[in-house]
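Input: a single structure, listed below in structure tokens.
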Amino acid sequence: MDDANVVKQSLHVQGLPIFETDIPYIQNICYTINQAQLSIHALPHLNMETPITVLDKGLIL
Amino acid sequence: MTDISFLTATELGPFIKSRQLSPIELTTHTLNRMDNFDSLLRTYISPLHDLALKQAKEAEDDIMRGEYKGPLHGIPIGIKDNYYSKGIRTTVGSKLFANFVPAKNATTVEKLLRAGGIMLGKQNMHELAAGSTGTNPFFGNTRNPWNIQYMPGGSSGGGTASLAAGLATLATGTDTFGSIRLPAAMCGVYGLKPTYGLVSTYGVFPSAMSLDTAGPMARSVSDLALMLQYMAGYDSNDPISLNLPVPNYMENLTKGIKGIKIGIPTYYLQGLAPDVERLFNRAVETLEYLGAEIKEVVIAELSMSTFSGYVTATGEASALHHNWLQTHAEDYSADIRTFFLASALTHTPQYIQAQQARRKMVKGFHEAFKYVDILLGPTIPITTPAYRKQWLDQNLAVIKRCLPFTSPVNLTGTPSLSVPMGLDQRGLPVGMQFIGNHLSEKQLLQVGHTWENTEPLTRHVIMA
């Protein structure tokens with residue numbers, strides 16, 4: 001996933017620019033995110049939560 | 001009268017009202033300080049001398065006619081350059097918008113001006129409000145007035161540095177993952193990140209829409225309360241604006257904290273720099289001495305802050321900038337570009353999980369608030385770093401260290417007040433944050449005001 005070529009490919013297919021000097025930093029941020037994702041395993045039943053609700057605010061308050 | 005450079009709006013107001021201090025005199029004094037010091041500090045992108053003096057003249061004429069508008073009348077205010085200002089360029093700290101001139105004011109700008117505030121200028125910021133140090137390759141790095149070798153923090157670092165240096169009396173900020181509180185901590189001033197939706201963000205350039213919050217920054221808690229009084233309130237132009245009555249934020253300021261239950265999440269005690277830990281322990285003892293009941297609490301859900309914060313902030317910002325990144329990528333500085341582009345490698349399930357984690361975190365906070373009134377932790381775990389030549393590495397490293405401390409309230413929409421807690425061994429300010437339940441700003445300000453009376457900072461910045 002974090003291989004430099006995969007990063008470049010992912011950017012390319014989305015029409016996003018590739019700056020060679022950016023790649024290690026992008027990899028670093030992705031590594032941080034992927035490491036941090038492990039935290040969600042400590043909290044079970046994440047799928048009990050509705051991720052996004054589209055509801056008129058007047059009904060909520 | 002004493003030197004007016006560091007007086008607060010609450011202190012200046014009575015002098016202006018009683019005509020002992022003219023708005024023109026106050027504005028001219030502040031503009032002169034900007035002329036003397038801002039080429040070094042770079043707290044303003046667009047100083048507005050002529051407009052400020054015109055507004056000051058109007059304020060003076062009003063007051064001389066007996067038409068005093070209230071405690072903001074004649075008070076000099078710095079406006080962060082991501083708040084739209086009608087007919088005045090609004091760069092968002094970015095080359096991309098270097099020549100953008102809005103046709104309207106942000107709702108909050110309109111409110112502050114209607115209350116008689118004087119707009120000194122548009123203030124410097126970390127590019128696109130998406131960084132935490134205060135570097136800006138297009139408009140110059142803002143410097144920390146306590147020591148110009150050091151960063152002021154970001155993204156609202158122009159505002160907080162101007163307050164610390166006496167180059168504004170009040171300032172507006174925005175906070176997406178810490179941009180009011182982090183620079184407030186680094187510059188030794190006060191900053192409030194309100195409940196999501198309490199202050200209109202209409203006419204504020206977005207960063208990550210589900211996290212973005214506008215709020216006040218000042219040299220005192222009373223001034224924050226004063227500003228919030230004017231900034232808060234329903235705005236039909238803003239789809240996230242809360243349609244609720246605005247309480248009187250000033251009325252409980254002096255009630256003290258006896259019997260208030262303060263919880264310290266164990267999450268906020270991990271990985272603290274030695275000076276932060278020392279000052280925080282001392283602050284906790286002081287709060288206990290003042291009558292607060294202190295206890296540690298465990299909010300396990302906070303461990304998801306880093307994941308949820310990164311995925312949400314980069315994902316939403318990247319979506320907003322997708323087309324500009326495709327066509328104008330060279331107009332972004334490398335730290336912001338890499339931050340946004342990283343989200344191109346995250347996946348939809350990760351974004352969904354990040355939103356589910358936010359719901360869990362809200363429940364975690366609500367559970368904690370069954371047992372305590374407010375929560376307390378250091379604003380950030382580090383002391384203020386000096387600027388390094390490798391600024392790209394440094395900018396991303398500061399986000400990585402600080403986002404876990406600042407983002408939980410953005411992710412949950414809860415309010416947080418950053419206050420100075422003392423000076424580190426190098427003489428640089430360190431901050432802590434009081435976190436409240438949704439819409440508990442009044443209580444946060446009450447606790448913050450009590451803390452402020454302990455005079456956590458023993459001196460002002462000395463500008464020579």
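Quick note on labels: first sequence line is chain A, next is B, and so on, each numbered from 1. Note that the structure is predicted; figures quoted are calculated from it, not measured.
- A:I40 touches chain B through backbone and side chain together, each having a heavy atom under 4.5 Å away.
- For A:C30 against B:A342, the heavy-atom pair with the smallest separation is SG-O, 3.8 Å.
- Of all the heavy atoms in A:S10 and B:A344, the pair that sits closest is CB-O, 4.5 Å.
- B:Q356 places no side-chain N or O within donor-acceptor distance of the main-chain N or O of A:T50, the cut-off being under 3.5 Å.
- Here the CZ atom belonging to B:F339 is positioned 12.5 Å from the CD1 atom belonging to A:I26, to the nearest 0.5 angstrom.
- Atom NE2 of A:H12 is surrounded by 12 or fewer heavy atoms from other residues, nucleotides or ligands within 6.0 Å.
- In terms of heavy atoms, B:R337 sits closest to A:F19 at NE-CD1, 3.5 Å.
- For the residue pair A:Y25 / B:D393, a side-chain donor-acceptor distance below 3.5 Å is found, with atom types taken as modelled.
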Would B:R359 and A:L46 count as a side-chain contact (heavy atoms from CB on, under 4.5 Å) if you check the C-alpha gap in whole Å, the side-chain angles of each, and the deciding distance to 0.1 Å? CA-CA 9 Å; B:R359 292 208 176 267; A:L46 207 59; over 6 Å; no
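- Between B:Q326 and A:Q14, every side-chain heavy-atom pair lies at or beyond the 4.5 Å cut-off.
- Without hydrogens or angle criteria, A:Q37 side chain to B:S308 main chain gives no donor-acceptor distance under 3.5 Å.
- Residue B:I352 touches chain A through both its backbone and its side chain, counting heavy-atom pairs closer than 4.5 Å.
- Ion pairing of A:E49 with B:K363 is present here, as a side-chain N (NZ or NE/NH1/NH2) and a carboxylate O approach within less than 4.0 Å.
- In this structure, CG in B:L345 is found 9.0 Å from CD1 in A:I33, a value given to the nearest 0.5 Å.
- Nearest approach of B:A300 to A:L43, heavy atoms of both residues: O-CD2, 4.0 Å.
- Open room surrounds CD on A:Q9; 12 or fewer heavy atoms of other groups in view lie less than 6.0 Å from it.
- Here the straight-line distance linking atom CD1 of A:I52 with atom CD of B:Q355 works out to 5.5 Å at 0.5 Å rounding.
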Which is it for B:L396 and A:N28 under the side-chain contact (heavy atoms from CB on, under 4.5 Å) test, yes or no, and what are the steps along the way? CA-CA 9 Å; B:L396 296 174; A:N28 193 280; 6.0 Å; no
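- Note that OG1 of B:T306 is 11.5 Å distant from CD of A:Q35, once rounded to the nearest 0.5 Å.
- Here the closest non-hydrogen pair linking A:I29 and B:T338 is CD1-O, 3.7 Å.
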